[in-house]
Amino acid sequence: MKTYRKGDIKIGWDPSICVHAGNCARGLPEVFKPKDKPWITPQGATRDQIIEQVAQCPSKALTIIYNNHE
């Protein structure tokens, strides 16, 4: 799993289960840019926008990891 930090959260992405539905890129193109590297740039949206969009991932390849110790 790859992770991308945004404040007190990380966006986790597991490419082995991603079905490439594209919901993330269509819903929040400021953060999820499949043609770029890195393809996830958390600075493009607020924490709450990211959490809401990640919840829409049909394969659950995208997850939110809460950093409780920071």
Evaluate the side-chain proximity of [Y] to [X]: yes if any heavy-atom separation is below 4.5 Å, no if none is.
X	Y	answer
V31	K6	no
N23	L62	no
I64	I50	yes
I65	M1	yes
K2	Y4	yes

Using every non-hydrogen atom in the two residues, find where [X] and [Y] come nearest and quote the distance to one decimal.
X	Y	value
T3	G12	CG2-CA, 4.3 Å
I11	P42	CD1-CG, 4.1 Å
A21	P58	CB-CG, 3.7 Å

So W39 and W13, would you call those rings parallel, tilted or perpendicular, with 30° and 60° as cut-offs?
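If you compare the ring of W39 with that of W13, the planes turn out perpendicular.
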Quick check on E30: does its CD atom have over 12 non-hydrogen neighbours (other residues, nucleotides or ligands) under 6.0 Å away?
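Above 12, so yes.
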Counting only N and O atoms by type, is there a donor-acceptor contact under 3.5 Å from the side chain of K60 to the main-chain atoms of I17?
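Checking the backbone N and O of I17 against the side chain of K60, no donor-acceptor pair under 3.5 Å is found.
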Stepwise side-chain contact (heavy atoms from CB on, under 4.5 Å) test for D8 and R47:
CA-CA 9 Å; D8 68 335; R47 175 187 187 273; 2.7 Å; yes
Quick one: CZ on R26 to CD on Q56, what's the gap to the nearest 0.5 Å?
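With rounding to 0.5 Å, CZ (R26) is 11.5 Å from CD (Q56).
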